[in-house]
Amino acid sequence: MTITYSCIANGRAILADLALTGGSYQETAATVLRLVLLRAEPKTTIQMGSFVYHSLFIDGIIYLCASDDMLDIVTPAAFLKRVSDIFLRNPLMSQEHFSPSNAVAADFQQVLGKYMMKYNKNQDDSSISTLRNQVTDVKIVMTQNIDRILESEERLNIFSDRTEDLQTTAKDSQNTKILRRIWWKQFKKIIIITVAILLSIIIILLSTNVIPT
């Protein structure tokens, strides 16, 4: 999840905004601001194209940000809360003094950039930690499956030794065929488990954007 755009607006008038990537964010933001004002709800989530816009509405001021993940609403909410706290603590940023022409707007653009980068980094660190845990889980399952296969192979070897001691030469050929069938069955299990593990790792990497899609 990445916060790609954020802004502060007094009604529909954008006071300060910042985009980390290219795109017509301001045009879409104007539409979202209108919808937020119509709903007049403290918090809203609106999907516009490939981005999701999250808003926090406090005393006529709208704090808005766009992210690229519909499932994560916690990080954008924390970002907007942090930005609103900073905005409301500064008396120069009240509705009476804050305007697009005010120099404070440029200063607060830096604040937006600082916290966008901070919350994006925290999210990246969380994704890496999650990925590591998932890979560790896959390794554990893989090790357990290999142990089971080795145990099965050991039992087969014991069975083979006993069979050779008990059976006559005439039956050796038949026993060998049976053992080969059992061995082939175990071998196919190894192949299936290996493929499943590789697919799991690939799916994990794709889901966390480690491998770009």
Side-chain angles (χ1 to χ4, degrees), residues 1-134 207-210 212-213:
M1 197 287 304
T2 303
I3 298 174
T4 57
Y5 172 80
S6 65
C7 74
I8 301 174
N10 185 351
R12 295 175 63 177
I14 295 178
L15 308 175
D17 70 337
L18 180 66
L20 297 183
T21 61
S24 56
Y25 287 104
Q26 286 192 346
E27 295 179 7
T28 307
T31 301
V32 174
L33 290 172
R34 180 175 58 83
L35 294 175
V36 171
L37 289 171
L38 288 175
R39 296 182 182 183
E41 297 176 356
K43 297 180 180 180
T44 59
T45 300
I46 302 172
Q47 184 162 5
M48 300 290 287
S50 58
F51 293 98
V52 182
Y53 286 78
H54 308 265
S55 69
L56 181 63
F57 191 18
I58 304 176
D59 297 330
I61 299 295
I62 301 174
Y63 308 89
L64 183 71
C65 71
S67 71
D68 57 4
D69 187 353
M70 180 63 181
L71 298 179
D72 186 359
I73 61 174
V74 176
T75 303
F79 166 76
L80 294 175
K81 180 65 169 58
R82 180 61 175 160
V83 169
S84 66
D85 288 344
I86 296 174
F87 184 85
L88 294 174
R89 282 203 306 265
N90 193 327
L92 296 178
M93 296 179 182
S94 64
Q95 292 187 52
E96 290 76 18
H97 299 91
F98 198 66
S99 66
S101 60
N102 197 312
V104 180
D107 293 337
F108 205 78
Q109 189 179 58
Q110 297 180 8
V111 174
L112 293 176
K114 173 184 176 181
Y115 285 99
M116 287 169 72
M117 297 297 293
K118 176 181 177 180
Y119 280 87
N120 286 341
K121 182 179 185 302
N122 289 344
Q123 183 66 18
D124 289 341
D125 292 343
S126 176
S127 298
I128 292 172
S129 176
T130 300
L131 175 61
R132 286 175 178 169
N133 292 335
Q134 291 173 332
S207 65
T208 55
N209 290 327
V210 174
T213 55

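Numbering of residues begins at 1 and proceeds along the displayed sequence.
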- Do D85 and K81 pass the salt bridge (Lys or Arg N to Asp or Glu O under 4.0 Å) test, and can you show the C-alpha distance, the side-chain angles, and the key distance before you say yes or no? CA-CA 6 Å; D85 288 344; K81 180 65 169 58; 3.0 Å; yes
At what distance, to the nearest 0.5 angstrom, does [atom1] of [X] lie from [atom2] of [Y]?
{"X": "I61", "Y": "I8", "atom1": "CD1", "atom2": "CD1", "answer": "8.0 Å"}
{"X": "Y119", "Y": "C65", "atom1": "OH", "atom2": "SG", "answer": "11.0 Å"}
{"X": "L33", "Y": "Q26", "atom1": "CG", "atom2": "CD", "answer": "10.5 Å"}
{"X": "R12", "Y": "T31", "atom1": "CZ", "atom2": "OG1", "answer": "8.5 Å"}
{"X": "I14", "Y": "L64", "atom1": "CD1", "atom2": "CG", "answer": "8.0 Å"}
{"X": "F87", "Y": "R82", "atom1": "CZ", "atom2": "CZ", "answer": "15.0 Å"}

- Donor-acceptor pair, N120 side chain versus T2 backbone, under 3.5 Å? no
Heavy-atom check, side chain of [X] versus side chain of [Y], under 4.5 Å:
{"X": "F79", "Y": "M116", "result": "yes"}
{"X": "Y53", "Y": "T44", "result": "no"}
{"X": "Y115", "Y": "V111", "result": "yes"}
{"X": "H54", "Y": "I3", "result": "no"}
{"X": "V52", "Y": "I73", "result": "no"}

[X] to [Y] - nearest heavy-atom pair and separation:
{"X": "L112", "Y": "A16", "answer": "CD1-O, 3.9 Å"}
{"X": "C7", "Y": "D17", "answer": "CB-CB, 3.3 Å"}
{"X": "I62", "Y": "G11", "answer": "CD1-O, 3.6 Å"}

- Message: If you count every heavy atom of other residues, nucleotides or ligands that lies below 6.0 Å from E27 atom CD, does the total exceed 12?
- Response: no
- Item | Between F51 and Y25, ring centroids under 6.0 Å | yes
- Under the side chain to side chain contact (heavy atoms under 4.5 Å, CB included) criterion, do K114 and I86 qualify, and how do the steps go? CA-CA 12 Å; K114 173 184 176 181; I86 296 174; over 6 Å; no
